[in-house]
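Here is the structure we will look at, set down as structure tokens.
All chains are named by letter (A, B, ...) in the order of the sequence lines, taking the proteins before the strands, and each is independently numbered beginning at 1. Predicted model, so just to flag it, every value in this text is computed and none were measured.
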Amino acid sequence: MAAKHRAPRGTQDVLPQDSWRWQRVEAAFRDTCARYAYREIRTPLFEDTELFVHGTGEGTEIVTKQMYTFEDRGGRSLTLRPEGTPPVMRAYLEHELGAGGGIRKFHYIAPIFRYERPQAGRYRQHTQLGVEAIGAPGPDIDAEVIALFQDFLGAIGLSGAVTHLSSIGCANCRPALSAALREFFGPKLEGLCDFCRARYETNPLRILDCKVPADIEARQGAPSALNHICEECRDHFAGVRAALDALAVPYEVDPTIVRGLDYYSRTAFEVIHPSLGAKDVIMGGGRYDGLAETLGGSPTPGIGFGSGLERLLLSLGDGASPRGLEVYVAAASPEAREAAFTLTIELRRAGVPADLDYTQRSLRAQMREAARLGARFAALLGEDELKADTVTARDMNNGEQRSVPRPEIVEHLAALCAAQGEAKR
RNA sequence: GUGAGCGUAGCUCAGCGGUAGAGCGCCGGACUGUGGAUCCGGUGGUCGGGGGUUCAAAUCCCCUCGCUCACCCCA
């Protein structure tokens, strides 16, 4: 029972019975991105460790304790991509994609690796559907990426998601905001939970997000991020809201949202889905106007989001599996096996998904298999058919059978499958 | 990193000191070449791994690995 080898902790196999769900979501995302003119970018699975130390931020949770870092045989320190944005910005700068000015819009579907304790909706390897729009200061582009995501949710049929929006200020006003929060919580420090006392030092904004009842009490009257950001940030935020309203994109203002990465500024947003339990964020993102400079480029504004594919799938739940097979070819006698194999290949070459038994099982077992695989038709070959040079075609839905001359069977089944395929649409 | 719950047949689980069970699945038969219904029969497990207590351990104790959920953090 205990298999000798298992998938590493926090990773999962996507088995054939589930992979079609992944393909559906990926296809919808690519399609939505194409309509919004975001072009696909693919960056390496691993990067120089320094890219994340500088880009993501030295003090962040990701860099200090979650990276899969290793040394290659040449002594280089490399890290499995723990988030999507720095590699895209790196590629943007490396290939001078911004040359000539204007905006460049990218999308990607990329595996992400973080060393964390696995839990519902949290994995050590997960997949992010992401978008990055580099080169425009907003606020209209900020609204666009949010609109894009909501359209995508509509395309995959996910309802019930709520978009939370805030502004976390810029490099100029954030220090003042932190100072105001420390001033407010300083006298109440004793009453806060252990975690919040730590947050007081590292990131006082997070205290506003704490769920401990006493802390919720303690923060009554605390300074709100949105009241303490500078004039420019306030204007920008108002611009984002106006653009979202103009696009009829629903959202909720939520000053408690916090971003865990150093490079975020101004616009910050999350999309949550109530079906997910503790890990209910299906998309997170924001503006990162300082990142390009941090990575050695010239000042370049940018905004993007990442969305966890596994969490999207969890919130979508189960659905009926699409039918895959059209024809199952069954051999009623051992002598017919070769003819069955030949017919199967002919069907496949004619564009008809077809399969047969390879283990010499009884006709009964073959028919059971045909039903289990969801085949629309069974093609039967046995002594009688070989003698008469025919094939018996059985409609698996109603059990009707007819004898078709062998030379016509491929065309006959191909036509039937095409016709039924049309009818289904 | 912290805490809790759980690891018994392919799957879902019962058994909680005395020679391993059920349902579903799978295979076969009733139905001599025909699936999904019904009935009958059969296949199936180093009881996660290691150590200990005991005449005797799936069952009690310790360690370990894994899974799950929550905290933390985040997609």
Taking any heavy-atom pair under 4.0 Å as a contact, classify A/Gly285: base, sugar-phosphate, or nothing.
nothing

OP1, OP2 of B/G28 versus side-chain N and O of A/Ser362: anything below 4.0 Å?
yes

Any salt bridge linking A/Arg349 with A/Glu346? Criterion: basic side-chain nitrogen under 4.0 Å from a carboxylate oxygen.
no

Should B/A37 form a Watson-Crick or G-U wobble pair with both distances under 3.5 Å, which nucleotide is its partner?
none

Whole Å only: how far is the CZ atom of A/Arg6 from the P atom of B/G7?
14 Å

What I'd like to find out is whether the side chain of A/Glu26 reaches to under 4.5 Å of the side chain of A/Leu309, using heavy atoms alone.
yes

What's the closest nucleotide to the side chain of A/Ala332 if the choices are B/G33, B/C72, B/G36?
B/G33

Using the P atom in both, what is the distance from B/G5 to B/C62, to the nearest Å?
12 Å

Does A/Glu47 come within less than 4.0 Å of A/Arg90, counting only side-chain N to carboxylate O?
yes

Between A/Thr85 and A/Glu132, do the side chains contain an N or O donor and an N or O acceptor separated by less than 3.5 Å?
yes

For residues A/Ile282 and A/Ile272, determine if any side-chain heavy atom of one lies less than 4.5 Å from a side-chain heavy atom of the other.
no

Just to be sure I understand the rule, does A/Ala120 reach a base, reach only the sugar-phosphate, or reach nothing, if contact means heavy atoms closer than 4.0 Å?
sugar-phosphate

Close residues, residues 381-392 of chain A, relative to RNA chain B [heavy-atom separation under 4.0 Å]
A/Gly382, A/Glu383, A/Asp384, A/Glu385

Does B/G36 have OP1 or OP2 under 4.0 Å away from a side-chain N or O of A/Arg372?
no

At under 4.0 Å between heavy atoms, what does A/Gly130 touch on the DNA or RNA strands: base, sugar-phosphate, or nothing?
nothing

Quick one: do the A/Tyr263 and A/Glu293 side chains pair a donor with an acceptor below 3.5 Å?
no

Over how many whole Å does the gap from A/Arg368 atom CZ to B/G29 atom P extend?
9 Å

Which nucleotide, B/C26, B/A75, B/A70, lies nearest any side-chain atom of A/Ala278?
B/A70

May I ask you to decide whether A/Lys65 forms a salt bridge with A/Glu116, counting only side-chain N to carboxylate O separations under 4.0 Å?
no

Please step through ring pair (Phe, Tyr, Trp, His ring centres under 6.0 Å) for the pair A/His164 and A/Phe269, ending with a clear verdict.
CA-CA 5 Å; A/His164 291 239; A/Phe269 45 81; over 10 Å; no

Contact class for A/Glu61 (heavy atom, under 4.0 Å): base, sugar-phosphate, or nothing?
sugar-phosphate

Considering every strand shown, what is the Watson-Crick or G-U wobble mate of B/U53 when both distances are under 3.5 Å?
none

Check every strand shown and say whether A/Phe305 touches a base, only sugar-phosphate, or nothing at a heavy-atom separation below 4.0 Å.
nothing

Which is true for A/Gln401 with a 4.0 Å heavy-atom rule: it touches a base, it touches only sugar-phosphate, or it touches nothing?
base

All N/O contacts under 3.5 Å from nucleotides 38-40 of chain B to the protein, with atom names and distances to one decimal?
none

Counting side-chain heavy atoms from CB outward, which of B/C71, B/G36, B/A75 is closest to A/Lys279?
B/C71

Select base, sugar-phosphate, or nothing to describe what A/Leu380 touches, counting heavy atoms under 4.0 Å on all strands.
base

Calculate the interatomic distance between A/Met367 atom CE and B/G28 atom P; express it in whole Å.
14 Å

How many Å lie between CZ on A/Arg114 and C1' on B/A75, as a whole number?
6 Å

Taking atom P of B/C71 as reference, at what distance in whole Å does atom CD of A/Gln119 sit?
6 Å

Nearest-Å distance, OH (A/Tyr115) to P (B/C74)?
18 Å

By nearest atom, which of the nucleotides B/G35, B/A75, B/G33 is closest to the A/His126 side chain?
B/A75

With both distances kept under 3.5 Å, what pairs with B/A70, Watson-Crick or G-U wobble?
B/U2

Measure the CD1-CZ distance between A/Ile109 and A/Arg42 for me, rounded to the nearest 0.5 Å.
8.5 Å

How long is the line joining CZ of A/Arg117 and C1' of B/G5, in whole Å?
12 Å

Searching all strands shown, indicate the nucleotide that pairs with B/U19 (Watson-Crick or G-U wobble; both distances under 3.5 Å).
none

For B/C26, the Watson-Crick or wobble partner whose two distances fall under 3.5 Å:
B/G42

Regarding A/Lys387 and A/Glu385, does a basic nitrogen lie under 4.0 Å from an acidic carboxylate oxygen?
no

Test for a donor-acceptor pair under 3.5 Å between the base of B/C73 and the side chain of A/Lys65, counting only N and O atoms.
no

In Watson-Crick or G-U wobble terms, both distances under 3.5 Å, what is the partner of B/A58?
none

Going from OH on A/Tyr123 to CD on A/Gln12, what distance comes out if it is rounded to the nearest 0.5 angstrom?
5.0 Å

Between atom CD in A/Gln66 and atom P in B/C73, what is the gap in whole Å?
11 Å

